[in-house]
Undergrad: 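Here you go, one structure.
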There are 2 protein chains.
Amino acid sequence: MTAQRRVVAEVLDGEHVHLTADEVHARAVAKLPEISRATVYNTLGELVSLGEVLEVATDKRAKRYDPNAHRPHHHLVCARCGTIRDVHPTGNPLADLPSSERFGFTVSDVEVTYRGVCPTCATA
Amino acid sequence: MTAQRRVVAEVLDGEHVHLTADEVHARAVAKLPEISRATVYNTLGELVSLGEVLEVATDKRAKRYDPNAHRPHHHLVCARCGTIRDVHPTGNPLADLPSSERFGFTVSDVEVTYRGVCPTCATA
DNA sequence: TCCTACATTGGACAAAGTCCAAGTCAATGC
DNA sequence: GCATTGACTTGGACTTTGTCCAATGTAGGA
């Protein structure tokens, strides 16, 4: 555990957000100015491997990193401003995929992204 | 309707696949050598706006374009080789999101991506 | 203390996509 | 028929996001 890794972990722990790698880097730099982008990417990759952090692909631009890895959840994204909320739908989407629709795959995971317009953007 | 746009439409119509923009461009070039990447991007963007084609973000790299826009469906992706299959789960994920979990959003759409390992990769 | 292995750094590189000025082309109006 | 107009296309420059690599730094054990 080096200073750099601690800083990355702190950035993600600090608030429950969905940051891009660049945003993580920007916040890490604020705490440890000489940290490099490569280290941030390395550390994020390790956190993902360890299962401490999830990668989410809610928009089609940058990956986002979600520290809320220990509680299963899905995401609700505003189509206009990009705001992301964690949501907990009822039901289990995995159970909704009949074996006839699995084509022999071993299905292990499901990612659900709801899209809509948030209240702020709707009134604006 | 120009020759360039027709070629892009043909590439997507021809087979039921999930191509990246670059793959669309490569196939379009085979039919019309001087077509440029910018035109392919423009045309894909227009097709998406018209609702003729869907963008899907199954992997976190390039967007893929799915011409099967008129029948709602979701995707099953192999975590190893990236193969994508269209699937039709039972149930309606939109109905599984209670209003208490909508945070005032107007939710209009949901994208479900199942992940697993395809039979080919499982035996390899 | 010295060594070794690993972490970090900065910069080059690559992939995916956007933007823009300039060129092309067809239709319209005169 | 010819010029004008406007939309479409082109190629290249540029941006963003991410990866790779050689060189450097550093922590901890022998």
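Each chain gets a letter, A, B and so on, in the order the sequences are listed, and its residues count up from 1.
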Undergrad: Is any NZ, NE, NH1 or NH2 atom of the basic residue among Glu46(A) and Arg5(A) found under 4.0 Å from an Asp or Glu carboxylate oxygen of the other?
TA: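 Looking at Arg5(A) together with Glu46(A), the answer is yes, because their closest N to O distance falls below 4.0 Å.
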Undergrad: Can you check whether Arg71(B)'s main-chain N or O pairs, donor with acceptor, with His73(B)'s side chain at less than 3.5 Å?
TA: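 Yes: the side chain of His73(B) pairs with the backbone of Arg71(B).
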Undergrad: Using whole Å, what does the distance between atom C1' of nucleotide dT26(D) and atom CD1 of Ile35(A) come to?
TA: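 Roughly 15 Å, once rounded to whole Å.
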Undergrad: When you get a sec, tell me which of dT10(D), dA7(C), dT9(C) is the closest nucleotide to the side chain of Thr39(A)?
TA: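 The listed nucleotide nearest to Thr39(A)'s side chain is dT9(C).
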Undergrad: Measure CG/Asn42(A) against C1'/dA22(D) and give the value in whole Å, please.
TA: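 From Asn42(A) CG to dA22(D) C1': 14 Å.
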Undergrad: Using whole Å, what does the distance between atom P of nucleotide dT19(D) and atom CG of Leu44(A) come to?
TA: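 In whole Å, dT19(D) P and Leu44(A) CG are 10 Å from each other.
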Undergrad: Is any side-chain N of the basic residue among Glu10(B) and Arg27(B) closer than 4.0 Å to the acidic one's carboxylate O?
TA: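 Arg27(B) and Glu10(B): not salt-bridged.
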Undergrad: Mind calculating the distance between CZ (Arg6(B)) and C1' (dT9(D)) to the nearest angstrom?
TA: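 Distance, rounded to whole Å: 15 Å.
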Undergrad: Assess, by modelled atom type and distance only, whether the side chains of His18(B) and Asn68(B) contain a donor and an acceptor separated by less than 3.5 Å.
TA: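 No, Asn68(B) and His18(B) have no side-chain donor paired with an acceptor closer than 3.5 Å.
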Undergrad: Expressed as a whole number of angstroms, how long is the span from Glu34(B):CD to dG23(C):P?
TA: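 Value for this atom pair: 18 Å.
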Undergrad: Rounded to the Å, how far apart are Gln4(B) CD and dG11(D) C1'?
TA: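 These atoms are roughly 14 Å apart.
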Undergrad: Expressed in angstrom and rounded to an integer, what is the separation of His25(A) atom NE2 from dT17(D) atom P?
TA: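 Result: 14 Å.
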Undergrad: Check the side chains of Asp86(A) and His74(A) for a donor-acceptor pair under 3.5 angstrom, ignoring hydrogens and angles.
TA: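 On atom types as modelled, these side chains do not qualify, holding no pair under 3.5 Å.
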Undergrad: Let me have a per-nucleotide readout for nucleotides 13-19 of chain C, 5' to 3', with B, S or -, counting only protein heavy atoms under 4.0 Å.
TA: --SSBBB
Undergrad: Given atom CD of Glu46(A) and atom P of dT19(D), what is their separation to the nearest angstrom?
TA: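 Atom CD in Glu46(A) sits about 13 Å away from atom P in dT19(D).
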Undergrad: With distance as the sole test, does Glu101(A) use its side chain to make a donor-acceptor pair with the main-chain N or O of His88(B) at under 3.5 Å?
TA: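 Judged by distance alone, yes, a pair lies under 3.5 Å.
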